[in-house]
Amino acid sequence: MAGLGEMIRESQIWKSIFRHPMPVDRRNRIVVMLTNFFLHLHPVSIKKQGIALSYTWCMGGVTFFLFLVETVTGVLLMFYYRPTVEWAYTDIQMLRDVHSLGILREIHRWAAHAMVITVWLHMYRVFLTGSYKPPREFNWVVGVLLLLLTLLLSFTGYLLPWDQLAVWAITVGSNMARAHPFLGNEGPGQQLLTLGGVDMITNASDARFALLAARDVGEETLNRFYILHCIAIPLGVALLLAIHFWRVRKDGGISGPL
Amino acid sequence: MTHGITDAQFFVMVSSFLGPFYLMLALTNGVAALYLWQTGQSKTWFRSPAIAGQRVAITNVLAWLALAILFVLLAGFSSSGNGHWMPALPEAWREAINQSTGPVVYSAGTTALLVLLYLFRSFFVKPAVAWSILNLMFLMLGLSMTDRDFYEIVAKPDNVPIVMLIFLLAFFTWLATHRAVENDRRMERGEPPLEKLDNEKVLVWPDLVYIELICMIALVAFLIFWAIALPAPLEEPASSVKTPNPSKAPWYFLGLQEMLVYFDPWMAGIVLPVLVVVGLMAIPYLDFNKAGNGYYTIKERRFSYLVFQFGFLEMWITLIVLGTLLRGPNWNFFGPYEHWDAHKVQALSNINLSDYFWESWLGRSLPIAAAGSGMLEKIGTILVRELPGIVMVLGYFIMLPPLMALTVFRKFYMRMGFIRYMVMANLLLFMASLPIKMILRWVLNLKYLIAIPEYFLNF
């Protein structure tokens with residue numbers, strides 16, 4: 001068997017995929033970090049306290065991993081789900097009762113809840129260790145934006161099952177937009193925005209309408225939230241994540257006492 | 001969720017959760033005892049009175065072992081699925097807790113609790129104390145689960161994350177405070193913080209990548225377990241005519257929904273959330289204190305620590321817990337063991353400041369613009385009517401920052417300069433506006449300081 005493993009690792013195909021030998025000695029353990037695409041996000045070496053769980057809590061990494069879980073299960077769920085008023089609820093019901101991989105939906109939902117919690121815990125740790133202090137100020141700002149996008153991802157996903165829980169939670173949540181100062185139909189200052197005596201801000205043109213694409217949570221909302229949930233927000237998250245990780249490295253890696 | 005099943009069926013259902021739950025607790029306590037014993041961390045707390053001439057040393061190992069045995073017994077009784085045998089909180093206790101809780105007691109109580117935890121943190125972070133509290137929390141949860149009304153709220157699938165959040169936050173707050181207390185002690189003695197001890201560099205392969213790998217596997221296992229154990233909620237198909245009561249936003253927004261009790265939607269739903277985000281982003285640019293970068297400490301950054309903890313634990317987390325678990329139909333407050341009765345009536349007699357001012361104090365009716373008067377006259381009348389509130393609110397936001405700069409925040413002002421100081425002061429004032437409005441509501445039944453419903457401008 002050793003001979004077979006050797007043969008595979010020495011083959012042209014293997015060597016073309018992995019640009020490094022097996023990381024069995026010190027030199028190659030360094031090389032692997034520098035030449036492997038997935039590993040090159042990491043530094044080559046790190047202070048021992050920087051990987052101590054009692055210091056890091058591992059929550060940033062867990063959050064990122066949950067995002068990956070959400071992406072994979074989300075893509076799989078998209079195969080079984082049609083975002084229309086006619087089908088959305090039935091498709092979710094089918095996931096529960098018929099499809100053998102229906103558990104994907106459970107994993108997707110629980111991982112989403114867990115992700116909200118782990119983002120908070122990650123920020124809690126970053127605050128309590130003062131890791132937002134110079135030179136990491138901007139990365140904290142990126143992190144706050146990621147927090148916002150995480151909540152929006154969860155919020156837009158909440159509507160998709162199209163059951164009572166979903167529709168009314170989104171109705172209650174989006175009702176707030178109606179009270180947006182100036183831009184909401186029932187917000188302070190809304191009356192000031194008139195054009196030739198005609199109200200510019202009505203229930204068909206205010207912030208809530210922009211969010212829901214309709215006067216009430218309906219078919220257009222489902223479509224809008226579906227696209228936001230599956231494409232628009234994940235793209236934003238991916239971009240910010242890239243910046244977030246890159247800045248962790250550029251700002252000196254994980255924080256620690258000077 | 002438990003509708004249409006008899007009490008006997010309910011107890012059988014709960015027992016399938018409680019049995020494994022208590023067994024897990026027994027296991028963790030047993031492992032803790034074993035660990036302390038094996039690593040030689042056994043400590044004698046006190047000696048028992050002489051039994052047959054022998055005084056037995058009560059050690060921490062013995063205590064956790066005894067607790068483990070107690071939990072095994074509880075697991076046995078709970079698994080019976082028989083309501084008479086299952087351990088539960090006495091009815092009288094539950095009734096007393098229901099009767100004595102309300103928004104005021106809850107908010108004041110959690111605040112007082114956090115203050116106590118902070119002041120006596122060097123006591124509460126002792127592992128034995130913290131472990132006892134954690135066990136007590138789990139025990140309370142277990143004993144409460146046999147209450148149908150409690151179960152109904154806590155075991156609702158989308159509320160389960162909140163129960164987890166409470167325990168996770170308790171644990172991580174303990175962990176962080178434990179290290180901060182230790183670091184503060186060390187630095188007082190002139191020693192470096194704990195984080196500085198392990199300065200030796202290790203290679204990321206294998207030290208870090210293996211931690212990551214193990215974390216990933218553990219997480220996937222946990223998620224699969226969770227997904228199998230608890231089905232995701234799916235209620236009836238959406239209907240725009242059947243409004244559920246209560247109608248709640250997703251749980252992470254329920255702190256904001258709870259603020260609707262005290263503020264109008266434009267404040268609770270737009271201005272304050274925006275300020276939360278802006279305020280979070282502003283933290284690194286406002287906190288000029290260079291100490292406490294990269295290690296846990298409280299003493300070196302007491303102000304920023306307290307502000308953050310107040311904002312996060314008190315204004316965000318406890319409001320979410322309140323909004324999720326304790327707010328029932330019509331957004332009324334319900335005790336943890338109280339039935340969510342949609343017909344519960346709560347007297348609401350909240351009064352605007354302008355009503356107080358004109359009617360109660362001056363003894364005259366509110367100024368009203370004459371019918372058919374022009375736009376300007378109408379607005380003028382409204383401004384006169386709401387003058388006391390407008391003066392108070394403007395005074396709060398305009399007068400207080402310079403006053404604070406001259407008094408309590410003198411040093412901050414010198415260090416931060418005008419703009420940075422003003423941003424911080426205003427953010428703090430907005431944050432304080434919520435507890436202030438809460439107290440005004442509870443003490444004076446005050447509805448709005450400024451009430452201009454004509455223009456949707458209530459504050």
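In what follows, every heavy atom counts, from backbone to side chain, and hydrogens, waters and symmetry copies are set aside. By convention in this document, chain letters (A, B, ...) are assigned in the order of the sequence lines, proteins followed by strands, and residues within each chain are numbered from 1.
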Would you please indicate yes or no on a ring centroid separation below 6.0 angstrom for B/Phe253 and A/Phe155?
yes
Could you grab the distance from atom [atom1] of [X] to atom [atom2] of [Y], nearest 0.5 Å is fine?
X	Y	atom1	atom2	value
A/Ile117	B/Leu169	CD1	CG	8.5 Å
B/Ser247	A/Leu165	OG	CG	10.0 Å
B/Lys242	A/Trp168	NZ	CH2	11.5 Å
B/Phe172	A/Trp120	CZ	CH2	15.0 Å
B/Gln257	A/Met176	CD	CE	7.0 Å

What part of [X] lies closer than 4.5 angstrom to a heavy atom of chain A: side chain, backbone, both or neither?
X	result
B/Lys248	backbone
B/Thr243	both
B/Leu313	side chain
B/Ile320	side chain
B/Tyr285	side chain
B/Ile270	side chain
B/Pro193	side chain
B/Ile211	side chain
B/Asp287	side chain
B/Ile317	side chain

Quick check: does any side chain N or O of [X] sit under 3.5 Å from a backbone N or O of [Y], one acting as donor and the other as acceptor?
X	Y	value
B/Glu236	A/Asp163	no
A/Lys133	B/Ala291	yes
A/Glu137	B/Pro284	no
A/Tyr55	B/Gly294	yes

B/Asp158/A/Arg109 ion pair, N-O < 4.0 Å:
yes
Where does [X] contact chain B at under 4.5 Å (heavy atoms): side chain, backbone, both or neither?
X	value
A/Arg29	both
A/Ile107	both
A/Arg178	neither
A/Leu66	side chain

Look at the aromatic rings of A/Trp110 and B/Trp226 and report parallel, tilted or perpendicular, splitting at 30° and 60°.
parallel
Over 60° means perpendicular and under 30° means parallel, so tell me whether A/Tyr124 and B/Phe308 are parallel, tilted or perpendicular.
parallel
Given the rule in the side chain to side chain donor-acceptor pair (under 3.5 Å) test, do A/Thr129 and B/Tyr295 qualify, once you have shown the distances and angles that lead to the verdict?
CA-CA 5 Å; A/Thr129 55; B/Tyr295 53 93; over 6 Å; no
Compute both the distance and the angle, then confirm whether B/Arg301 meets the cation-pi test with A/Phe127: under 6.0 Å from the six-membered ring centre, within 45 degrees of the axis.
yes
